[in-house]
Each structure stands twice: as C-alpha cells, then as structure tokens.
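Everything numeric here is computed off the predicted structure, so don't read it as measured data. Numbers here simply count residues along the sequence, with the first being 1. Numbering of ligands and ligand atoms starts at 1, following listing order.
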Amino acid sequence: MAEPILKWVGGKRQLLSDLRSRFPIKYDQYHEPFIGGGAVFFELEPTTGSINDLNRRLITFYKIIRDFPERLIEENQRHSYEEEYYYEARERFNELHALDERSVDQEIEEASLMLYLNRTGYNGLYRENQSGGFNVPFGEHSNPDFIRKRQIRAGSVILDDIDIHNDDFTYIAERATSKDLVYFDPPYEPVSKTADFTQYQSDGFSKSDQERLRDLAVRLDKDDIYVVISNSPPVWELYDHLSDFTVSYVNAARMVNSDANNRGDVAEVIITNVPREQQQQQNLQDYT
Ligand SMILES: C[S@@+](CC[C@H](N)C(=O)[O-])C[C@H]1O[C@@H](n2cnc3c(N)ncnc32)[C@H](O)[C@@H]1O
C-alpha cells in the first residue's frame, strides 16, 4: 500500500474504503482515466493497466518516476525552500512547458520542479492561468519534503508495467477489455442548492463532459467491463434511469442516504455497475 507522491485537489484518501468496498473481488487490469494524485491507484498497487490525465505536466511527472527514478531524486536535491528560489523555479517550470519539444533532461527537470512546486507552493494547489502558466504563490510549510526518495522509488516499481496516457478520458474505450476495472474520478460538479446544475463548469469539465462520461460508462458496461465512478451529488440524475448502475450517497462520516430529495449531508456519490454479490464488501449499509 503506497502513498501518493503529490498533493492533489480531490484526493480520494478519505473515500478509499467506501470505494474499495464497491470494487469487484476479482478483475483483470486496472485503469484510472483521471489519475490526479493517484491516491486510489497507489493504494491498490495494480500490476497491469493504465493511467491517464489531461494535464501534460502531471503525466510527464509519472513517466519520469517510472523510467528515471534515480535521476529524478538526484535532481530534487538541487532545490531549496526559499521564497525567492520558489519564484525562479516557477518561472523555469513555465519556460519548460512552453517548449514545443523537450529532451529527456528537460523532462526530468520539469518533473522535479513539478514536485518541488507542489510541496512548497500554497496549499499544494495546481492552478494555471489562461495561457497555461502555473501561477500558484509560495506557501508556508514547516520542513516540506520535495525529495520524496522512498515514495518515488516505490512509485517507480508500481508504475513499471502500467501504460501512461495524456489524453481525454475516452481513450479507455480502446484500452479496456472485458473484466477489467475502470475507476473514474472526474473533476466534481460543485454542490449548491441555488445554482443550476446545467450552468456549471468546474475545472473545464462541463455538464456535457459529465454526459460523455455517462455514455462511455454505458458502453463499457455493454462490453462487460467493471465501472466505478465517484462524483458529487448533482450527477446522480444522469445515472438514475440506468438499471445496470447503482448510485450510493456517501459523506465524510460515511452516512448513507438513499433519498435523492434529502441529501443534506451528502458529499459524494459512488456510481457502479459491479453487482452486489461481486463487490469486495457485501455487508455495507448501502441503499440504492
Ligand atoms: C478530481 S481530479 C482526480 C483526483 C484523484 N483521484 C486523486 O486522488 O488525486 C480530476 C483530474 O481529471 C483531470 N481531467 C480534467 N478533464 C479531463 C479529461 N477530459 N480527461 C482526462 N482527465 C481530465 C484533471 O487534470 C484532474 O487531475
């Protein structure tokens, strides 16, 4: 059971046991099309499958961890935790991103800066301006670890036989086959009682992207592929009419509530086509 290497918004550590209890007892390959910080992936330590994210810098980071862990660790030792250095590092990170083609050395440098900025920037946020410049300010931390030797070495072993993609999540339609498990953790729709779900746009992920994800889930289901999706409550209605899928409501205190009109405390929904009798824990209080 390994740790994630980066901090990432939407990290799934709190939801791990709720998610895993819905995963099938047996499956072939494991895929995660919205990998982010990979909390679930590193916890599971799958030996075959694929990961993906639209964020190119994040994907370069994982490839470098897989292919050049020792060079990355060496590069990480060059940084220092000082405000002035942070802003120089951020500028260099953006210069490298703007290059059309990068050498392996430049990719290692970028991956190292990604980790350094993630560990020393404000709240471990990842945020870009409109032209793709990373713009998170310096953060106050006590003794931040931007070398992460142990985690990088462990991550490199886990990623060894995993395909790493930098694509839209729909790549999975060509990649997954029968009895594989696909766990989707898309950017969430914000929860608000007043706002209209159809107007939302979070992290560039719109209502129509949520519908594309639902349509893909239906297609994977037809191909006998196990699907688990975590999301925020407004999307339940996209899946409600699909008889192969169940929607469970889970909050931080692990309260479960089946009534869609009474979702006051609910933080997350988990949607799956894994039949109850094939799930890892069948004794959960889980109403659908
Ligand atoms: C909620 S985060 C995933 C969090 C992750 N499960 C964790 O534990 O850290 C969603 C991720 O989806 C990525 N993303 C956004 N739109 C995407 C798309 N169309 N295809 C693939 N990835 C996308 C974002 O870059 C982000 O890293």
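On a distance-only criterion, Asn55 and ligand 1 share no N/O pair closer than 3.5 Å. Residue contacts with ligand 1: Arg212 is placed with no nitrogen or oxygen under 3.5 Å of a nitrogen or oxygen of the ligand (distance criterion only). Not a single N or O atom of Asn52, backbone or side chain, sits closer than 3.5 Å to an N or O atom of ligand 1. The N/O atoms of Tyr183, backbone and side chain alike, include none that comes under 3.5 Å of an N/O atom in ligand 1. Taking only nitrogen or oxygen atoms, main chain and side chain alike, Val9 does not reach within less than 3.5 Å of ligand 1.
Using a 4.0 Å cut-off between charged nitrogen and carboxylate oxygen, Asp145 and Arg148 count as a salt-bridge pair. A salt bridge does not link Arg92 with Glu88: none of the charged nitrogens is closer than 4.0 Å to a carboxylate oxygen. Salt bridge annotation for Lys12-Asp185: present, with a cationic side-chain nitrogen under 4.0 angstrom from a carboxylate oxygen. We find that Glu74 and Arg71 are not joined by a salt bridge, their nearest charged nitrogen and carboxylate oxygen being 4.0 Å or further apart. A salt bridge is defined here as a Lys NZ or Arg NE, NH1 or NH2 lying under 4.0 Å from an Asp or Glu carboxylate O, and Glu43 with Arg20 meets this definition. Ion pairing between a basic and an acidic side chain is recognised when a charged N comes within 4.0 Å of a carboxylate O; Glu110 and Arg102 show such pairing.
Contact annotation: the side chain of Pro46 never approaches that of Gln29 to less than 4.5 Å [non-hydrogen atoms, C-beta and beyond].
Under 4.0 Å from ligand 1, the heavy atoms of Phe205 that appear belong solely to its side chain. By the criterion of a heavy-atom distance under 4.0 Å, neither the backbone nor the side chain of Pro4 is placed next to ligand 1. At a 4.0 Å heavy-atom cut-off, ligand 1 touches Asp167 through the backbone alone.
Atoms of ligand 1 lying under 4.0 Å from any heavy atom of Phe169, numbered from 1 in the order shown and given with element: 18 (C), 19 (N), 20 (N), 21 (C). Those atoms of ligand 1 with a heavy atom of Asp185 less than 4.0 angstrom away are 1 (C), 2 (S), 3 (C), 4 (C), 5 (C), 6 (N), 10 (C). Atom numbering of ligand 1 starts at 1 in the shown order; those under 4.0 Å from a heavy atom of Pro33 are 21 (C), 22 (N). The distance from ligand 1 to the heavy atoms of Ala39 drops below 4.0 Å at these ligand atoms: 8 (O). The distance from ligand 1 to the heavy atoms of Trp8 drops below 4.0 Å at these ligand atoms: 9 (O), 26 (C), 27 (O). Atoms of ligand 1 found under 4.0 Å from any heavy atom of Gly36 (numbered from 1 in listed order, with element): 9 (O), 27 (O).
Every heavy atom of Thr170 sits 4.0 Å or more from the atoms of ligand 1.
The closest side-chain donor-acceptor pair between Asp221 and Asn273 falls under 3.5 angstrom.
The ring pair (Phe, Tyr, Trp, His ring centres under 6.0 Å) test with Tyr116 is passed by exactly one of Phe138, Phe146, Tyr81, Phe61: Phe146.
Annotation for Glu128: atom CD counts as buried by contact number, over 12 foreign heavy atoms lying within 6.0 Å.
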